Structures are given as structure tokens and as C-alpha cells.
Amino acid sequence: MRIRIVDAFTDRPFSGNPAGVLLLPDANAFPDDTWLQNVALEVNHAETAFAHPLPGGAEADWALRWFTPAAEVAMCGHATLATAHVLHTTRVHTGPVRFATRSGVLVATPAADGSVTLDFPTAPLTRLDPPGGLTEALGTEPLTVLDTGPNVGDLLVEVADEKTVHGLRPDLRALAALSERGVIATARAEDPARGYDFVSRCFFPNVGIDEDPVTGSAHTALAPFWSERLDRPGLTGLQASPRSGRVRTELRGDRTLLTGTAVTVIEGDLLA
């Protein structure tokens, strides 16, 4: 099988969020879960996506699953973008592609400029009292804390300002005890003239990712949070990891559109 490494939510190599992508030939089922997990561990990026074609007449075109080096996840934006990019650039599938996933049917639509727009469920946000130990674990006082629901599984934490987000050095072991997957830290952009409206960083110790470079699923929670604050449905988020990347978001009620580009950087044969 061909295996590819794709940098997602970026227009240049060695930035954005890298994902492994394997297009599986069997239209009936995925291989054994142990094999899938071992491949993801071998790839050792935040996510590896596995997809196989579905027969005609199914509710979707491809079945899609995502694995971190440590666990399967319910939803992943950047690896979905990476998979759609591979399908489109290799001409295996043209036009919009429907993926059957644990989070329902997700649609990825390519555009003429090379970008891909993902149609994802909007995360339901529930305001919480800050859990004990959050300030110490994150290293700063939270302004707002919200639960992001079962598909995302994070705490969304608003902090004082963009400078605070950039400067976070959290206690990852302590953060792991506070939510299912991890913590999204966010603040309003200091200067929207720079081309983004809010900034974030994502720490996911419970799935083996200390800091995720660019997280599509997190933006299904960031979009409704900041769209309400800024009174605009369409926004751009900067994820301020060392690799960095930008996600354009558009809130449409219970759906959120996530738009970005991707670049294939490695292609080879999986022999195991």
C-alpha cells in the first residue's frame, strides 16, 4: 500500500499538522485494530488516517478512521483534510467526498484554489466552573471554561490575551486528569490586521500528543465560542504551536465549516 505524510492546514511543507494517510484497497472492512494502531505508532504523527472505499449506494463514499500513536479518536479535522487532499490530488476521487466516521457522515469539498472545506458537527459548549488544579496545571488563571462535548472531549479555556497563549508551559501530567482528551487554550487576537481573529494552542496528553500542531476538531468548538463573542459567523483562527497553521471557520448552526490547504511531503510503500 502507498502511505503518505501530508502537512494539513498549511500551504508549505514542514508546517501545519502532519498526518499519515493510507488508502486501503478492501471495500468491505478495515484491517485488524491492532494493525491499525501499530501503523499509527510507527508513523508517530498526531494522527494517521485509514480510509477504504464503500460500495455504490452507501450513505458515504469512503469509510474513515483516525488513530493517534496511542488511541483511536472520534473526530479529527486535519487528518480528514489530509485524506481529502490525497483523494483529490491523486484523482482517486473527484469532487466532494463523503466520509463515514464515528462522528457521522463528514463531507470534504475541494475548491479550484486547492483548499478543502470540511463540514463538521458544531461542538456543543457547556460552561463549567474551573476544575480544581486547572490554574496550576495550565500556569495561568482561566477567564472562561467550557466542556466541548463527546466528539471533541476537551476543556475549552479562555485566557487573558494572545501573549498568555503563546507563553503557556503547562504541566501535562496534571492536565491529563482534567478532561477526556485535553485542553484548548484560547484568546482574542491582539491585532486582527495580522489576518486572524483568535489564537489557540491544544494540549492532548491523554491521547499521546503533548501539543497538537493544528487541530481541526478543536475549531468546531472555537468557532461557536468566538463567533458569539465577535458577532461574525466567518472567522480565521491561528493555532500558535511551533509549526503553526490557520483554519478558516464558518458557523452554520449545528454544523461548522473548516477550510484549509494541505501539502503532501512524503510518499512511499508500506511493507508490513
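Since this is a predicted model, take the numbers as computed values, not measurements. Residue numbers start at 1 and run along the sequence shown.
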Mind running side chain to side chain contact (heavy atoms under 4.5 Å, CB included) on Glu72 and Arg65 for me, showing each step along the way?
CA-CA 8 Å; Glu72 185 174 8; Arg65 294 170 71 182; 2.8 Å; yes
Answer yes or no: is there a donor N or O on one side and an acceptor on the other, between the side chain of [X] and the main chain of [Y], under 3.5 Å?
{"X": "Thr164", "Y": "Ala160", "answer": "no"}
{"X": "Thr94", "Y": "Arg91", "answer": "no"}
{"X": "Glu47", "Y": "Val21", "answer": "no"}
{"X": "Asp197", "Y": "Thr236", "answer": "yes"}
{"X": "Glu250", "Y": "Pro233", "answer": "no"}
{"X": "Thr68", "Y": "Val207", "answer": "yes"}
{"X": "Thr90", "Y": "Val86", "answer": "yes"}

Is there a path of hydrophobic side-chain contacts, each under 4.5 Å between heavy atoms of I/L/V/M/F/W/Y residues, joining [Y] to [X]?
{"X": "Val107", "Y": "Leu81", "result": "no"}
{"X": "Leu251", "Y": "Leu118", "result": "no"}
{"X": "Leu258", "Y": "Leu230", "result": "yes"}

What pair of heavy atoms forms the shortest contact from [X] to [Y], and how long is it?
{"X": "Ser179", "Y": "Asn206", "answer": "O-ND2, 2.7 Å"}
{"X": "Leu64", "Y": "Ala49", "answer": "CD1-CB, 3.9 Å"}
{"X": "Glu59", "Y": "Arg98", "answer": "O-NH1, 3.1 Å"}
{"X": "His219", "Y": "Gly237", "answer": "NE2-CA, 4.2 Å"}
{"X": "Val263", "Y": "Arg12", "answer": "CG2-N, 3.7 Å"}
{"X": "Thr48", "Y": "Ala40", "answer": "OG1-CA, 3.7 Å"}

Thr83, Leu36, Thr101 screened by side-chain contact (heavy atoms from CB on, under 4.5 Å) with Trp66, the one that passes:
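Answer to the side-chain contact (heavy atoms from CB on, under 4.5 Å) test with Trp66 among Thr83, Leu36, Thr101: Thr101.
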Do you know which of Leu156, Thr220, Leu222 makes side-chain contact (heavy atoms from CB on, under 4.5 Å) with Thr148?
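When side-chain contact (heavy atoms from CB on, under 4.5 Å) is applied between Thr148 and each of Leu156, Thr220, Leu222, only Leu156 qualifies.
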Any heavy-atom pair between the side chains of [Y] and [X] that's under 4.5 Å?
{"X": "Cys76", "Y": "Ser217", "value": "no"}
{"X": "Val43", "Y": "Ile3", "value": "yes"}
{"X": "Arg255", "Y": "Pro121", "value": "yes"}
{"X": "Pro18", "Y": "Pro213", "value": "yes"}
{"X": "Trp62", "Y": "Val92", "value": "yes"}
{"X": "Val214", "Y": "Thr10", "value": "no"}
{"X": "Arg181", "Y": "Val152", "value": "yes"}
{"X": "Val6", "Y": "Val265", "value": "no"}

Given side chain to side chain donor-acceptor pair (under 3.5 Å), test His85 with Thr264 step by step and report yes or no.
CA-CA 8 Å; His85 168 80; Thr264 300; 3.1 Å; yes
Which residues pass the ring-ring contact (aromatic ring centres under 6.0 Å, His included) test with Phe67, sequence neighbours left out?
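Only Phe50 meet the ring-ring contact (aromatic ring centres under 6.0 Å, His included) criterion with Phe67.
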Among residues at least two apart in sequence or on other chains, which ones pass ring-ring contact (aromatic ring centres under 6.0 Å, His included) with Phe204?
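Residues passing ring-ring contact (aromatic ring centres under 6.0 Å, His included) with Phe204: none at all.
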Show, in sequence, the C-alpha distance, side-chain angles and deciding distance for Leu146 and Phe225, and conclude whether the side chain to side chain contact (heavy atoms under 4.5 Å, CB included) test is met.
CA-CA 9 Å; Leu146 301 104; Phe225 180 78; 3.7 Å; yes
Interatomic distance, [X] atom [atom1] to [Y] atom [atom2] [nearest 0.5 angstrom]:
{"X": "Asp212", "Y": "Ile209", "atom1": "CG", "atom2": "CD1", "answer": "5.0 Å"}
{"X": "Asp154", "Y": "Ile184", "atom1": "CG", "atom2": "CD1", "answer": "4.0 Å"}
{"X": "Ser227", "Y": "Leu235", "atom1": "OG", "atom2": "CG", "answer": "4.0 Å"}

According to salt bridge (charged side-chain N to carboxylate O under 4.0 Å, His left out), does anything in residues 261-272 pair up with another residue at least two apart or in another chain? List the pairs.
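Of all non-adjacent pairs touching residues 261-272, those that pass salt bridge (charged side-chain N to carboxylate O under 4.0 Å, His left out) are Arg2-Glu267, Arg2-Asp269, Arg4-Glu267.
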Can you pull out every salt bridge (charged side-chain N to carboxylate O under 4.0 Å, His left out) where at least one residue sits in residues 238-249? Sequence neighbours excluded, please.
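Listed by first then second residue: Asp7-Arg243.
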Exercise: do Trp226 and Thr186 side chains pair donor with acceptor under 3.5 Å
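Judged by distance alone, the side chains do pair up.
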Check: Thr215/Gln239 side-chain N/O donor and acceptor closer than 3.5 Å:
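Note: Thr215 and Gln239 side chains meet the donor-acceptor criterion.
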Run the numbers on Val39 and Met1 for side chain to side chain contact (heavy atoms under 4.5 Å, CB included), then give the verdict.
CA-CA 12 Å; Val39 172; Met1 284 176 287; over 6 Å; no
Please report the C-alpha distance between Phe99 and Asp61 in whole Å, then the side-chain angles of each, then the deciding distance to 0.1 Å, and finally whether the side chain to side chain contact (heavy atoms under 4.5 Å, CB included) criterion is met.
CA-CA 6 Å; Phe99 293 112; Asp61 307 301; over 6 Å; no
CG/Asp231: more than 12 non-hydrogen atoms of other groups inside 6.0 Å:
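Atom CG in Asp231 is not crowded, with 12 or fewer foreign heavy atoms closer than 6.0 Å.
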Between the side chains of Arg188 and Glu158, is the shortest nitrogen-to-carboxylate-oxygen separation below 4.0 Å, so that they form an ion pair?
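So Glu158 does not pair with Arg188 through a salt bridge.
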State whether Arg201 and Glu211 are salt-bridged, where the test is any N-O pair (Lys NZ or Arg NE/NH1/NH2 against Asp/Glu carboxylate O) under 4.0 Å.
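Counted as a salt bridge, because a side-chain N and a carboxylate O are separated by less than 4.0 Å.
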Filter on side-chain hydrogen bond (donor to acceptor under 3.5 Å, both in side chains), then keep only pairs touching residues 128-140, sequence neighbours left out; what's left?
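Those involving residues 128-140 do not exist here.
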Could you point out which residue of Thr122, Asp119, Thr249 forms a side chain to side chain donor-acceptor pair (under 3.5 Å) with Thr256?
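Answer to the side chain to side chain donor-acceptor pair (under 3.5 Å) test with Thr256 among Thr122, Asp119, Thr249: Thr122.
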Cluster partners of Val199, using ILVMFWY side-chain heavy atoms under 4.5 angstrom, listed by chain and number?
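Leu128, Leu134, Leu138, Val145, Leu155, Val157, Val159, Val165, Leu168, Leu172, Leu175, Leu178, Val183, Tyr196, Phe203, Leu238, which link up through side-chain heavy atoms under 4.5 Å apart, make up the rest of the cluster.
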